[in-house]
K.L.:
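Below is the structure I would like to discuss, written out as structure tokens.
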Amino acid sequence: MLFETFTGILETLNVSRAVIDNWSELLFIGLLILFSLLTYWITKSYLLKKLEVYILNNKFKFDDILLESQVFSRTAQILPAILIYLGATSLPTYSGVIQKVMGLYLIVLTVYITDAVLNAVNSIYRTYEVSKQRPIKSYLQVIKIVVYIFGFIGFAASVMGKSPVYILSGIGAMTAVLMLIFKDSILGLVAGIQLSVNDMVRIGDWIEMPKYNADGDVIDITLNTVKVENFDKTITTIPTYTLISDSFKNWRGMSQSGGRRIKRSLHMDMESIKFCDEKMLKKFERITNLSEYINEKNDEITKYNSALDADDLIQVNGRNLTNIGVFRAYVQHYLKNHPKVHKHMTVMARQLAPTEKGIAIEVYCFTNDTNWANYEGVQADIFDHLIAILSTFELRVYQSPSGYDMQKMGCN
């Protein structure tokens, strides 16, 4: 109808029929394209601007994400394409070609818009706390693959002028090849389901996977990869399915428990270990954390030795306190009263087996602050204190001889 009207206008201008036949359709196509571009310009410059102002000034957040994902700007391209597609029906010669080209463009545009919508869905979902426990990015990527496959089938069918069923039958014959091409995606999908169902890893978890030099926080979980931001700010990319096939350490339990373990030892020079004499015991009784312990132990040992009728002139004949035993009791009491040590988790100072490095007193406890920097500070403060007071118990910490030690011994 539009083309007949346009042709009638040219005839009223006394244009020859031959010229009309050669140029009228081309001029109409040009005007149709110009009108479509004008429509797109008005939509983008006026309607989208108004919509953007409204979105940025309302209280909702999901529409801001849709705007940032370019869903509206991509959708605005549909109207000009439809106008050209419908206008081409009036052309007797070029209608088939134009409609096919516009049909292909609309297929590509539909895939393009769907991709933007799925990105927006993921971004909106990540604003909720549940997204850290149940990420859906890998599932959305599967949907994207399906959309792209169907888009390709529709595009190919339109180009060849065949039914999509014809293309699908050809793809069925290529199943083995497609399985090989999408092997990683299939493995990633299965792994993603297992990771999600078994709650093995979440965004924000601190994981360690030495095989891949990964030691840091999970920042993204996709269909094929898991991204880990290491503590040196490098990014390690791990195939998703390796989290199922290989072992890794997840520190989430530590974070959720509210306590972080300290397990560190002080190695004592065994030659500095001895029985406590009266002078040492008097000194230890003046230590706040030990006075009650010393009194109780003295009473217990006195009763034991009296019952045994032991000769107290030789200490080996009965029970006696040792400086390392008193030190261990002090460490135990010190840890239990430390404000940064978790009171509802294991608190222990234990003696380990003697080695070539001496005999070790191990501190085993948990801080009540899981922050890495704060944890290191608490641990350092504890051992600063313990090392500084060793001389009070007449103990020496073991360390390998240094050049300075050799000089003190007169060695050249």
Side-chain angles (χ1 to χ4, degrees), residues 125-138 191-222 225-267 328 331-352 360-387:
Y125 181 73
R126 291 189 67 172
T127 61
Y128 297 95
E129 191 66 26
V130 68
S131 65
K132 295 181 180 179
Q133 302 178 19
R134 297 287 186 269
I136 63 170
K137 189 172 184 178
S138 58
I193 294 173
Q194 289 180 309
L195 290 175
S196 178
V197 170
N198 297 317
D199 198 18
M200 296 172 64
V201 66
R202 304 174 186 172
I203 293 175
D205 282 356
W206 169 16
I207 68 170
E208 279 187 62
M209 206 167 188
K211 180 178 178 180
Y212 294 91
N213 295 319
D215 184 9
D217 298 327
V218 176
I219 59 174
D220 196 16
I221 301 175
T222 67
T225 60
V226 173
K227 290 184 179 179
V228 178
E229 183 180 37
N230 300 312
F231 294 122
D232 59 0
K233 297 305 178 183
T234 58
I235 303 294
T236 298
T237 302
I238 306 170
T240 305
Y241 58 83
T242 60
L243 294 176
I244 301 297
S245 59
D246 295 337
S247 63
F248 68 96
K249 181 186 288 187
N250 192 330
W251 290 81
R252 187 202 310 156
M254 178 272 294
S255 301
Q256 291 178 341
S257 69
R260 187 165 183 175
R261 188 181 70 173
I262 295 176
K263 186 184 179 188
R264 183 182 288 184
S265 302
L266 278 175
H267 292 268
R328 179 166 52 83
V331 175
Q332 182 80 23
H333 195 279
Y334 172 76
L335 294 174
K336 285 187 175 180
N337 289 277
H338 197 289
K340 295 295 184 179
V341 172
H342 206 298
K343 302 301 185 295
H344 302 293
M345 294 185 176
T346 304
V347 179
M348 180 170 54
R350 63 174 183 158
Q351 185 181 120
L352 303 182
I361 297 296
E362 182 183 77
V363 170
Y364 192 102
C365 63
F366 294 80
T367 64
N368 54 23
D369 191 339
T370 59
N371 178 272
W372 189 13
N374 298 340
Y375 160 81
E376 292 292 348
V378 173
Q379 182 172 237
D381 288 343
I382 289 174
F383 280 87
D384 288 348
H385 175 76
L386 297 183
I387 293 171

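Predicted model, so just to flag it, every value in this text is computed and none were measured.
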K.L.:
Hey, does the side chain of Q379 reach the backbone of R261 with a donor-acceptor pair shorter than 3.5 angstrom?
P.N.:
no

K.L.:
Can you tell me how far the CD1 atom of I221 sits from the NZ atom of K227, to the nearest 0.5 Å?
P.N.:
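Going from CD1 on I221 over to NZ on K227, the span is 12.5 Å.
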
K.L.:
Heavy atoms, side chains only, cut-off 4.5 Å: are I203 and R126 in contact?
P.N.:
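Answer yes - side chains close enough.
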
K.L.:
Taking C-beta and beyond as the side chain, do M254 and F366 meet within less than 4.5 Å on heavy atoms?
P.N.:
no

K.L.:
Identify, with sequence neighbours excluded, every residue that meets salt bridge (charged side-chain N to carboxylate O under 4.0 Å, His left out) alongside R264.
P.N.:
none

K.L.:
If you measure from CZ on R260 to NE2 on H342, what distance do you get to the nearest 0.5 Å?
P.N.:
14.0 Å

K.L.:
Rounded to the nearest 0.5 Å, how far apart are CG of N337 and CD of Q332?
P.N.:
10.5 Å

K.L.:
Quick one, T370 and W251 - any side-chain contact, counting heavy atoms below 4.5 Å?
P.N.:
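No, every pair of side-chain atoms sits at 4.5 Å or beyond.
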
K.L.:
Quick one, V363 and L386 - any side-chain contact, counting heavy atoms below 4.5 Å?
P.N.:
yes

K.L.:
Using 0.5 Å steps for rounding, measure from the OG1 atom of T237 to the CG atom of D220.
P.N.:
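If we round to the nearest 0.5 Å, T237:OG1 and D220:CG are 9.5 Å apart.
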
K.L.:
Roughly how far apart are H333 NE2 and R328 CZ, rounded to 0.5 Å?
P.N.:
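Nearest 0.5 Å value for the NE2-CZ distance: 14.5 Å.
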
K.L.:
How about K343: does its NZ atom have over 12 heavy atoms from other parts shown lying under 6.0 Å from it?
P.N.:
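More than 12 heavy atoms, drawn from other residues, nucleotides or ligands, come within 6.0 Å of this atom.
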
K.L.:
Quick check: do I262 and Y375 have side-chain heavy atoms less than 4.5 Å from each other?
P.N.:
yes

K.L.:
Not counting sequence neighbours, which residues clear side-chain hydrogen bond (donor to acceptor under 3.5 Å, both in side chains) with N230? List them please.
P.N.:
T234, T236

K.L.:
Identify, with sequence neighbours excluded, every residue that meets side-chain hydrogen bond (donor to acceptor under 3.5 Å, both in side chains) alongside D215.
P.N.:
W206

K.L.:
Once rounded to the nearest 0.5 Å, what's the spacing between atom OG1 of T367 and atom CE of M345?
P.N.:
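Answer rounded to 0.5 Å: 9.0 Å.
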
K.L.:
Is it true that a side-chain atom of E229 and a backbone atom of D217 form a donor plus acceptor pair closer than 3.5 Å?
P.N.:
no

K.L.:
Quick one: does N368's side chain get under 4.5 Å of K340's, heavy atoms only?
P.N.:
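Sidechains of K340 and N368: in contact.
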
K.L.:
Report the residue from V228, T242, V226, N250 that forms a side chain to side chain contact (heavy atoms under 4.5 Å, CB included) with M209.
P.N.:
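Of the listed residues V228, T242, V226, N250, the side chain to side chain contact (heavy atoms under 4.5 Å, CB included) partner of M209 is T242.
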
K.L.:
For G259, does its backbone N or O pair with a side-chain atom of S257 as donor and acceptor, under 3.5 Å?
P.N.:
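Here the side-chain-to-backbone pair exists.
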
K.L.:
If you count every heavy atom of other residues, nucleotides or ligands that lies below 6.0 Å from F231 atom CZ, does the total exceed 12?
P.N.:
yes

K.L.:
Take Y212 and D246, measure what side chain to side chain contact (heavy atoms under 4.5 Å, CB included) needs, and give me the verdict at the end.
P.N.:
CA-CA 11 Å; Y212 294 91; D246 295 337; 3.8 Å; yes

K.L.:
State, yes or no, whether a side-chain contact exists between C365 and H338 at a heavy-atom distance under 4.5 Å.
P.N.:
no

